Amino acid sequence: MTKIQFELDGQQVEAVNGETIWQVAKRQGREIPHLCYSPEPDYRPDGNCRACMVEIEGERVLAASCKRTPSVGMKVKSASPRAVSAQKMVMELLVADQPARATSHDPDSKFWHWAEKTGVTESRFPSAERWEGDASHPAMRVNLDACIQCGLCVRACREVQVNDVIGMAYRSHGSKIVFDFDDPMGESTCVACGECVQACPTGALMPAVMLDENQTRVTYADRKVDSLCPFCGVGCQVTYEVKDEKIIYAEGRDGPANHNRLCVKGRFGFDYIHHPHRLTKPLVRLPNAKKDSNDQVDPANPFTHFREASWEEALDLAAKGLVRIRDGKGVKALAGFGSAKGSNEEAYLFQKLVRTGFGSNNVDHCTRLCHASSVAALMEGLNSGAVSAPFAAAMDAEVIIVIGANPTVNHPVAATYIKNAAKRGAKLIVMDPRRQTLSRHATKHLQFKPGSDVAMLNAMLNTIISEGLTDEQYIAGYTEGFDELKERIKEFTPEKMEPICGIPAETLREVARMYAGSRASLIFWGMGISQHVHGTDNARCLIALALITGQIGRPGTGLHPLRGQNNVQGASDAGLIPMFLPDYQPVGRPDLREPFEKLWHQDLDPVRGLTVVEIMNAIHAGEISGMYIEGENPAMSDPDLQHARGALAKLDHLVVQDLFVTETAFHADVILPASAFAEKSGTFTNTDRRVQLAREVVKPPGDARQDLWIIQEIAKRMGLPWNYAGPADVFTEMTEVMPSLHNISWERLVREGAVTYPVDDPDKPGNEIIFTTGFPTASGRGKIVPANVSPPDELPDGEYPMVLSTGRVLEHWHTGSMTRRSQVLDQIEPEAVAFMSPKDMRKLQVWPGDKVRLQTRRGAVEVKVRSDRDVPENMVFMPFCYAEAAANLLTNPALDPFGKIPEFKFCAVRAERAEVRAAAE
């Protein structure tokens, strides 16, 4: 790296190539005013405000230090009379157009900080006429009377988040910041990521919660706590601002996953923990409150059918009911659902409780409903269920495939890296039956027919093999099964697959060549791949693509199934899976069971347990009578909800541990009030395999307790001699039996905050890219498994002519039990909708906002319809987060034979105008 020696304020200093004068000064401990440049995160400097002017000997004009790079021998003065005079003049001109500090929107802003530092808080100059405020957005306020046109919000929106909503418009003194075509912010295409608010140095853009009706800041934090975001698997690091034991704001930190970035949920979705319906005391079902699967939670009074109880009474009732069933009907009559919203330590203790206290392996969690088939294929082929490279590897890739995923909705911060990569020149290929925001950045969008993934991917494999685009050296050194694939793939030519998948043969060949021929290609996938009866086959094809081309184990390459919940990776690692002990060690292997039996002082069941949907079937069959559910909501997340709710209502004894009376808790005999994410400490593992430490931000409300404590109390009452002092004790035990956590200690996490596994040494950073020298299989090779084309379980016909697919919307997450109780998020997306193409809406003679009746072979719902050009004809897309129109009343419970995951992404549906149906009835 080139070193450049120059003089700064009389001292010899060194700059590295590309470093600016401002950056060198900061490293040397010198402060130079700056407003339009934000070094953390490292926004591109523009030199707009001129507050950072410095004097350079021999030059006639001053220079903006945020833009100017030094040269050898240059002499720079940052505090000379001339430089200071210029800095002060800039501040005075800017102060002239600001509201008075006492009544400004943020008197503690970066702007006023530098005004105070430079000694210029008043101005001799007259103020210009400014713009009126904009209060149209539920989360943010726009007050351009404080805008200095530094451009940071433009760079935040265009270059960091790549949303392209904010820009500069008009000319001369009339120029200003605008949203889209100078629309009110609340009516623009803004996705409320809040990056502009975090970047703004003046208070022109502010969180609405911090301002009073006069748009003057009134809310200041008592303290700040560093922790993590509770939502998707990206694992953003967050600083929470707390006042009077309530979180008032969330701000992005410079964590390895997000580098200060957040999305609307992470920045504005924190207030669900303060909702008036939070459980603060244990509840016990009233004797006369009979269970009925048709009953639903009353949104106005969810506590109907229950009475308050003491912790002693509730825990005794909960545990005694479980013991009665275990001892009376046998260990296989109990089951447990753990939570991917809980910590690694909670997941570990929960599965340990089921295996040692219940006596079976009947334990599962939401991975069964999201990436179970991906994990099945990855374990089969690579003997690892985790990603091979982080999502930030997109920045090193030449070709990026995104298939069956909608990252801008489900993983918005991860999507920013993909968009950044595309802007830098990477070729982005989006494969999905629906178009999406990423499609606008893509080189190609392959809008294949729903359910035809294997046909499309096999055509690509056929092209790569038949045209000799494989990496023969990599295949010979690191794979097995290629000869079988080579033979089996011959029949899947692009020409034969074109009518099946709907993509022209030449396009399939072109994309295959792009992927195989690039220096570095990376594949991201989501539940559009996994939530099918052929989900494992879908993932097998993606694994085969990477293995036959050697596009794995190097920077910018790899396989990345984007995880949906904040700790679904960690909960899976910790053993919340019926066929695996922690770290994916099969329960049927005596040699792998032995260390656990020795540590836990108990023989373990060698027979794999039942999965989520299998447990519901077993309840209906009379084989399971009792359940303990921690933080999961199968009454909303399971397919064919009438079947699932009927099972919950049929249980002899149901214990639910949660934050609210969810649709599942409504069927409980005992409800235990748990701690929210921001109310606990523990470790969480994001989609990148990054183990991160979350810290307690506020105390649980009322008499709610820590989940770790509750699980232990149930265990003690079931006869287990547990005595963990806290999450550190549990984590230490986990490191004894989980090779993935070797060289990661609790003390190291406290010190470093985040460590990516696997780690080679206690003093070395983790390995973000794995499989660099082979795979953790018996042979050290990756196994290539061919896949045959098979149809979805239920195809459209004359009675049900359309395809129903389910998923998420940006503002809501999973079953909505948290985000629907966030004021800002629910205000942005307050009611249930289904998305249809404009052509299909015209056929049904419905307009946006009209109600349609959607019916499948399992049930029917009425829901408002929204026009969406990204949805193909003959498809209905429906979010599953709305209890009042639960999409999973309609979905098909048919399972993938390997991953045991339901086919959420495809079933046959009939759509009709709701009033037409009503008239007919």
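This is a predicted model, so every value here is computed, not measured.
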**Asked** Can we say Glu495 and Arg509 salt-bridge, meaning some charged N sits less than 4.0 Å from an Asp/Glu carboxylate O?
**Response** yes

**Prompt:** Does Asp483 have any salt bridge (charged side-chain N to carboxylate O under 4.0 Å, His left out) partners at least two apart in sequence or in another chain, and if so, which?
**Reply:** none

**Request:** Using a strict cut-off of less than 4.0 Å between a Lys/Arg side-chain nitrogen and an Asp/Glu carboxylate oxygen, indicate whether Lys783 and Glu480 qualify as a salt bridge.
**Result:** no

**Request:** Could you tell me whether Glu398 and Arg519 make a salt bridge, using a distance below 4.0 angstrom between a side-chain N and a carboxylate O?
**Result:** yes

**Message:** Between Glu467 and Arg513, does any side-chain N to carboxylate O distance fall below 4.0 Å?
**Reply:** yes

**Asked** Does NZ or CZ of Arg434 fall inside the cone over Phe877's six-membered ring, less than 6.0 Å from its centre and within 45° of the axis?
**Response** yes

**Prompt:** Would Asp164 and Arg440 pass as an ion pair if we require N to O under 4.0 Å?
**Reply:** no

**Presence of salt bridge, Arg858 and Glu794, under 4.0 angstrom** = yes

**Prompt:** With a 4.0 Å cut-off, would you call Arg608 and Glu614 a salt bridge?
**Reply:** yes

**Prompt:** Can you name the side-chain hydrogen bond (donor to acceptor under 3.5 Å, both in side chains) partners of Ser373, sequence neighbours left out?
**Reply:** none

**Request:** Classify the ring geometry between Phe771 and Phe775 as parallel (under 30°), tilted (30 to 60°) or perpendicular (over 60°).
**Result:** tilted

**Prompt:** Hey, is Glu768 close enough to Arg689 for a salt bridge, meaning N to O under 4.0 Å?
**Reply:** no

